[in-house]
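Hydrogens, waters and symmetry mates are skipped; everything else that's a heavy atom, side chains included, is used. Since the model is a prediction, treat every value here as computed from it, not as a measurement.
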Amino acid sequence: MSDQAGSQVNMSQEKMAELKNAMADILNGHKEIGQIIETIENIAFQTNILALNAAVEAARAGSAGKGFAVVADEVRNLASKSDQASKQTKEIIERSAQNVAKGNELMEAVDEALSKTSEISGEVLGLINTMVGNIVTEANAVSQVTSGTDQISSVVQTNSATAEESAAASEELSSQAQLLKELVGRFTLRQDDSSEEEIA
């Protein structure tokens, strides 16, 4: 399970790297959209100036320029609307960019936390592997102690059997000694007379 947890953390880091790349692409896209909006604003500004110039020229032309003045006025209205739309779009893009920037900051924080988690997980895995090694060593030691205890138990059982045999033999010898004592007690020793005379 610890190995699976380590693999999952590594996979999370890989997904986080993919997310960082996606966020970078989004930020670059916002920059490009911002440049396009600026271009639209410039076009709207220049179109508005052209519309004003056209209106001035139409006014100079008098009655002959009335139709052109109407067209210039419509162009100016369209330029104004385009400018307003581009400004609104720019505001939306800027808010979106701010949100993306906040998301990028949160992503960086998550990435940092995930890196620390990965580091801690690596340390935990190392400790677990060390514990496993110690447990295996202790298990081997316990096995050796158990084997030694079995040998001691076997020797004790052998000694116990030998002691029982010795006790039985001792009882038999004691019985034989008692019998021999009784047999010897039946005999009486006499002193030799000739020996007494020589001594005298």
Side-chain angles (χ1 to χ4, degrees), residues 1-56 69-152:
M1 290 180 68
S2 63
D3 290 338
Q4 290 177 0
S7 299
Q8 189 66 34
V9 170
N10 291 333
M11 186 187 305
S12 299
Q13 282 189 306
E14 292 175 0
K15 296 299 181 183
M16 181 57 68
E18 293 178 4
L19 178 59
K20 289 179 72 174
N21 292 332
M23 291 294 290
D25 293 338
I26 292 172
L27 288 172
N28 291 332
H30 273 81
K31 291 178 181 178
E32 293 175 358
I33 292 173
Q35 292 174 354
I36 293 171
I37 294 298
E38 288 180 1
T39 302
I40 293 173
E41 286 179 340
N42 290 331
I43 292 173
F45 179 74
Q46 292 175 3
T47 303
N48 193 29
I49 291 175
L50 290 174
L52 288 174
N53 290 334
V56 170
V70 172
V71 173
D73 189 52
E74 290 297 325
V75 170
R76 187 173 64 246
N77 289 335
L78 289 175
S80 176
K81 290 179 180 179
S82 297
D83 184 55
Q84 290 177 359
S86 63
K87 287 180 179 178
Q88 291 175 353
T89 304
K90 185 176 181 180
E91 290 176 359
I92 294 171
I93 293 295
E94 287 177 351
R95 287 198 300 269
S96 178
Q98 290 175 357
N99 293 332
V100 170
K102 290 180 181 179
N104 190 60
E105 291 177 0
L106 291 173
M107 182 200 63
E108 293 290 343
V110 172
D111 183 53
E112 183 179 355
L114 188 60
S115 297
K116 290 182 179 179
T117 301
S118 177
E119 182 180 352
I120 294 171
S121 297
E123 294 176 358
V124 170
L125 286 174
L127 291 174
I128 289 174
N129 290 330
T130 302
M131 288 172 58
V132 169
N134 292 337
I135 289 171
V136 170
T137 301
E138 291 179 3
N140 292 332
V142 169
S143 177
Q144 293 177 357
V145 170
T146 302
S147 177
T149 303
D150 291 341
Q151 292 177 359
I152 292 171

Per-pair distances, 0.1 Å, donor-acceptor, side chain in residues 126-145, under 3.5 Å, sequence neighbours excluded:
| unit_1 | atom_1 | unit_2 | atom_2 | d |
| --- | --- | --- | --- | --- |
| N129 | ND2 | L125 | O | 3.2 |
| T130 | OG1 | G126 | O | 2.9 |
| N134 | ND2 | T130 | O | 3.4 |
| T137 | OG1 | G133 | O | 2.9 |
| N140 | ND2 | V136 | O | 3.3 |

Check: residues 70-79 side-chain donor-acceptor pairs under 3.5 Å, at least two apart:
| unit_1 | atom_1 | unit_2 | atom_2 | d |
| --- | --- | --- | --- | --- |
| D73 | OD1 | R76 | NH2 | 2.4 |
| N77 | ND2 | D73 | O | 3.4 |

Please list every donor-acceptor pair under 3.5 Å in which a side-chain atom of residues 35-52 meets a protein atom from a residue at least two apart or in another chain.
| unit_1 | atom_1 | unit_2 | atom_2 | d |
| --- | --- | --- | --- | --- |
| T39 | OG1 | Q35 | O | 3.0 |
| N42 | ND2 | E38 | O | 3.2 |
| T47 | OG1 | I43 | O | 2.6 |

Straight-line distance of K20 NZ to E18 CD, nearest 0.5 Å: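 Answer rounded to 0.5 Å: 13.0 Å.
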
E112 vs E108, side-chain contact (heavy atoms from CB on, under 4.5 Å): CA-CA, chis, key distance, verdict: CA-CA 6 Å; E112 183 179 355; E108 293 290 343; over 6 Å; no

